[in-house]
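Whatever order the structure lists them in is the order used to number ligands and atoms, beginning at 1. Source: prediction; values computed, not measured. The basis for the numbers below is simple: all heavy atoms, side chains too, and nothing from hydrogens, waters or symmetry mates.
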Amino acid sequence: MRVLMIAPPGAGKGTQGALIAAHFDIPHIATGDLLRDHVARETDLGLAVKQHLDRGELVPDEIVLDMVRDAFAAARDAGGGYVLDGIPRNLRQARATYEIALELEMTANVALHLKVEADELVRRLLARAKLERRADDTEEVIRHRLAVYREVTHPIVEWYAERGILVSVEAMRPAEQVGRELLTALEVMRPLVDHVPEEARVAVDLTSLGAAFGASPPEKG
Ligand code: AMP
């Protein structure tokens, strides 16, 4: 299974990415974690990107694309599956990630879009800030990261819808419910993904399925 996730900060992509990786026994490639690790170890790369992370700005595309190139090569050796968390963040990264994956015959089967409203994201991120003390979880930086998501990341959702690999999930619910729903969807798709040609696929919208998985419907769209 080859999955990439598109989700605003605070939507739960780290949690759900880890769940998917454990469920399918595939590597969890999280560019934010890789970058924070460089910052913590004060490597040259870490020193170069620290300010970007602290301000909630995207780091230069080439840096994260190099990470993905290396991580894809390792994932191929480990069996070929992966869950990408944190990349692509803009259309250029989306196209470049696709090109890299195409060369390795490892293009994503599913682009998983986690939908959460902005107010809820701010609430979750401020709560996380108290627990984790991440440098980029102050209210000002949180609002900036959400604006970056809205302006440059969210538009790539449409690109995946056109490619027919988009699966949208309502993530305004407890993590366990969201996780159960998305693992069910991925399991249903698993036997099909390698057999249905990309041009014959259609986007899947699960956002109205919440009630079937034990949730009351969200108050707003
Ligand atoms: P995340 O943990 O995914 O929220 O990422 C934390 C921070 O790492 C972001 O605010 C960016 O500064 C940086 N980052 C992570 N992934 C990328 C990416 N694909 N492109 C550019 N910057 C990234």
Checklist entry - Do any nitrogen or oxygen atoms of Asp33 come within less than 3.5 Å of a nitrogen or oxygen of ligand 1? => result no
Checklist entry - Just distances here: any N/O of Asp136 and N/O of ligand 1 closer than 3.5 Å? => result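 Such a contact does not occur with ligand 1.
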Around [atom], find the nearest protein heavy atom and jot down its residue, atom name and distance.
atom                    : result
atom 7 (C) of ligand 1  : Leu53 CG, 3.9 Å
atom 6 (C) of ligand 1  : Arg36 NH1, 3.4 Å
atom 22 (N) of ligand 1 : Val59 N, 3.0 Å
atom 12 (O) of ligand 1 : Glu57 O, 2.6 Å
atom 10 (O) of ligand 1 : Arg89 NH2, 3.9 Å

Next on the checklist: Assess the residue pair Arg143 and Glu139 against the criterion (salt bridge (Lys or Arg N to Asp or Glu O under 4.0 Å)); give the C-alpha distance rounded to whole Å, side-chain angles, the decisive distance to 0.1 Å, and a yes or no.
Outcome noted: CA-CA 6 Å; Arg143 295 213 180 269; Glu139 180 151 6; 2.9 Å; yes
List every atom of ligand 1 that sits less than 4.0 Å from any heavy atom of [X], numbering the atoms from 1 in the order shown and giving each element.
X     : value
Thr31 : 15 (C), 16 (N), 17 (C), 19 (N)
Gln93 : 18 (C), 19 (N), 20 (N), 21 (C)
Lys13 : 1 (P), 3 (O), 4 (O)
Leu35 : 8 (O), 13 (C), 14 (N), 15 (C), 23 (C)
Gly86 : 16 (N), 17 (C), 18 (C), 19 (N)
Leu58 : 21 (C), 22 (N)

Checklist entry - Do Val49 and Val152 share a hydrophobic cluster (ILVMFWY, side-chain heavy atoms under 4.5 Å, transitive)? => result no
So, are [X] and [Y] salt-bridged, with charged N and O less than 4.0 Å apart?
X      : Y      : value
Glu99  : Arg95  : no
Glu120 : Arg124 : yes
Arg92  : Glu62  : yes

Checklist entry - Between Tyr98 and Trp159, what is the ring plane arrangement, given parallel below 30°, perpendicular above 60°, and tilted in between? => result perpendicular
Item to check | Arg173 side-chain N/O to Val178 backbone N/O, donor-acceptor pair under 3.5 Å | outcome: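 The answer is no, because no donor-acceptor pair under 3.5 Å joins these two groups.
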Next on the checklist: If you define the side chain from C-beta out and look only at heavy atoms, does anything of Leu186 sit under 4.5 Å from Phe24?
Outcome noted: yes
Item to check | Side-chain heavy-atom pair Leu182, Leu114 within 4.5 angstrom cut-off | outcome: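 Leu182 vs Leu114: side chains touch.
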